[in-house]
Amino acid sequence: MNPATIMKLMNAKMQFAGSHPKFMAFLQSVFTKLPEEGTIVEFVVTRPGEEPVKANIKLKQSDLELLAELKELMQ
């Protein structure tokens with residue numbers, strides 16, 4: 001990966017962490033130990049004035065490999 005792209009991602013991560021410290025702490029808590037295959041992750045998006053939209057995924061081995069690679073990239 002291009003070093004400039006990595007620096008850009010790291011800066012974006014730092015800005016996001018500064019804006020959302022509780023969410024970053026949540027992610028650290030959940031992903032300290034990578035989830036195992038079959039773990040269900042749920043997403044909820046609630047826009048102002050609208051009903052929440054929910055979805056979930058059951059993690060597969062390929063998902064876990066992607067998460068491990070992303071975790072390595074972000075360190």
Side-chain angles (χ1 to χ4, degrees):
M1 184 179 271
N2 181 334
T5 301
I6 292 173
M7 288 301 294
K8 192 174 180 179
L9 284 172
M10 293 306 289
N11 287 336
K13 177 195 172 206
M14 295 299 288
Q15 184 176 356
F16 186 86
S19 297
H20 309 285
K22 289 182 180 179
F23 183 71
M24 294 305 291
F26 167 78
L27 289 179
Q28 275 188 319
S29 168
V30 170
F31 291 108
T32 297
K33 173 185 162 211
L34 282 178
E36 60 253 10
E37 190 170 358
T39 297
I40 296 175
V41 178
E42 185 170 80
F43 303 92
V44 179
V45 176
T46 307
R47 292 184 176 103
E50 295 184 15
E51 291 295 316
V53 178
K54 299 178 185 181
N56 65 55
I57 59 172
K58 184 183 273 189
L59 296 178
K60 300 177 184 179
Q61 185 58 40
S62 59
D63 302 323
L64 299 175
E65 291 165 7
L66 173 62
L67 288 173
E69 288 181 33
L70 289 173
K71 183 178 178 183
E72 187 177 316
L73 257 179
M74 298 310 281
Q75 291 179 347

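Hydrogens, waters and symmetry mates are skipped; everything else that's a heavy atom, side chains included, is used.
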Would you give me the side-chain donor-acceptor pairs under 3.5 Å for residues 53-66, sequence neighbours excluded?
from : atom 1 : to  : atom 2 : distance (Å)
D63  : OD2    : K60 : N      : 2.7

- Trace of the side chain to side chain contact (heavy atoms under 4.5 Å, CB included) decision for V44 with T46: CA-CA 7 Å; V44 179; T46 307; 3.9 Å; yes
Per-pair distances, 0.1 Å, donor-acceptor, side chain in residues 19-41, under 3.5 Å, sequence neighbours excluded:
from : atom 1 : to  : atom 2 : distance (Å)
S19  : OG     : Q15 : O      : 3.2
T32  : OG1    : Q28 : O      : 2.3
T39  : OG1    : E36 : N      : 3.3
T39  : OG1    : E36 : O      : 2.7

